[in-house]
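Beneath this line is the structure, given in structure tokens, with notes to follow.
Chain letters run A, B, ... following the sequence lines, proteins first, then strands; residues in each count from 1. Only a predicted model underlies this, so the values are computations on that prediction, with no experimental measurement involved.
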Protein chains: 2
Amino acid sequence: MAIFQKLATGPMAVHELAGTLPVSRPAVSQHLRVLKDAGLVSDSKRGTRRVYRVNPAGIALLRAHFDRFWAQALNAFEVSVEPHTTDTKREKYVTDRRRSSRK
Amino acid sequence: MAIFQKLATGPMAVHELAGTLPVSRPAVSQHLRVLKDAGLVSDSKRGTRRVYRVNPAGIALLRAHFDRFWAQALNAFEVSVEPHTTDTKREKYVTDRRRSSRK
DNA sequence: TTTATCCGTAAGCTATAGCTTACGGATAGT
DNA sequence: ACTATCCGTAAGCTATAGCTTACGGATAAA
């Protein structure tokens, strides 16, 4: 996130990015890789440097995803406001016992 | 997140939530606590049950936060498009050595 | 061709997010 | 009063996200 924020101030090379952050350059590289895989940033070679910039298309996609999320959440609240006889009966005795195992 | 999604389908008691998810009830309780601390859900006692529902105010806040984030990111791209003589000089020799320590 | 710079990747370590089990308190039914 | 249900919290464990160090390959400058 912090890396992404920095990139949002303009395209930067890896070592510049690392210079402004409290982590090593390889750490930054690793983060950039996942951001790139997620389509949120793009890169281009520039001499020995590799310049990264935010990718508007990826951002738009993620944003859309979130927007649907908010809509769903708020809509759910709307519905729940209607009186809606929540008549949940007591059920027949189940204590903490788990049903799915997880080694 | 999964918990929040479930809650978005309507208010629910803790044990109901846990019933639909692959984790134990206490785990759900713990998640609900952080969601509540974050102001994203609210709760109300209902007999021995505690019913949780999404909190529109908290959601709106988070949403606004994200919206500023997107705006910033996209705006940054706009700027970077202008030719902008990126004339970064080579600097004077710094290899990987870290400068901030972290025990 | 040698040396400095910039990078990515792999291996190894560590802090911790997120789980489970265990317990006790509170309410409702009998 | 006793018992079943529903819940929160604490303690302990484990998988893993995210770091560092170490290395080698590529470009640029000399």
Looking at [X], I'd like to know whether one of its side-chain N or O atoms comes within less than 4.0 Å of OP1 or OP2 on [N].
X       : N      : result
B/His31 : C/dC19 : yes
A/Ser24 : D/dT20 : yes
A/Arg33 : C/dT9  : yes

Interatomic distance, [X] [atom1] vs [N] [atom2] [rounded to whole Å]:
X       : N      : atom1 : atom2 : answer
A/Leu32 : C/dT9  : CG    : P     : 11 Å
B/Ile3  : D/dC7  : CD1   : C1'   : 15 Å
B/Lys45 : C/dT27 : NZ    : P     : 4 Å
B/Met12 : D/dC6  : CE    : C1'   : 14 Å
A/Met1  : D/dG18 : CE    : P     : 12 Å
A/Lys36 : C/dT9  : NZ    : P     : 8 Å
A/Arg25 : C/dT9  : CZ    : P     : 11 Å
A/Asp37 : C/dG8  : CG    : P     : 12 Å

What nucleotide, of [options], holds the atom closest to the side chain of [X]?
X       : options               : result
B/Thr48 : C/dC19, C/dT27, D/dG8 : C/dT27
A/Ala27 : D/dC19, D/dC6, C/dC7  : D/dC19
A/His15 : C/dC7, D/dG18, D/dG8  : C/dC7
B/Tyr52 : C/dC19, D/dG8, D/dG18 : D/dG8
B/Gln30 : C/dC19, D/dT20, C/dC7 : C/dC19
B/Arg50 : D/dC7, C/dC7, D/dG18  : D/dC7

Open item on the list: Return the pairing partner of C/dC6 with a 3.5 Å limit on both distances, Watson-Crick or G-U wobble; otherwise return none.
Closed with: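 Base-paired to D/dG25.
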
Open item on the list: If I take atom CG from residue B/Leu32 and atom CG from residue B/Asp37, how far apart are they, to the nearest 0.5 angstrom?
Closed with: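 So the CG of B/Leu32 and the CG of B/Asp37 are separated by 11.0 Å.
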
Task: same_hphob_cluster(B/Val41, B/Val51) at 4.5 Å side-chain heavy-atom cutoff - done: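 Unlinked, B/Val41 and B/Val51 end up in two clusters.
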
Open item on the list: Using 30° and 60° as the class boundaries, would you call the ring planes of B/Phe66 and B/Phe69 parallel, tilted or perpendicular?
Closed with: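 Perpendicular: the ring planes of B/Phe66 and B/Phe69 meet at over 60°.
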
- [ ] Identify the heavy atoms of A/Gln5 and B/Gln72 that sit nearest to each other, and give their distance.
- [x]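 The pair with the smallest heavy-atom distance is OE1-OE1, 3.4 Å.
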
TODO: Quickly, which of B/Arg49, B/Arg33, B/Lys36, B/Arg53 forms a side chain to side chain donor-acceptor pair (under 3.5 Å) with B/Asp43? Name it, please.
DONE: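 Of the listed residues B/Arg49, B/Arg33, B/Lys36, B/Arg53, the side chain to side chain donor-acceptor pair (under 3.5 Å) partner of B/Asp43 is B/Lys36.
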
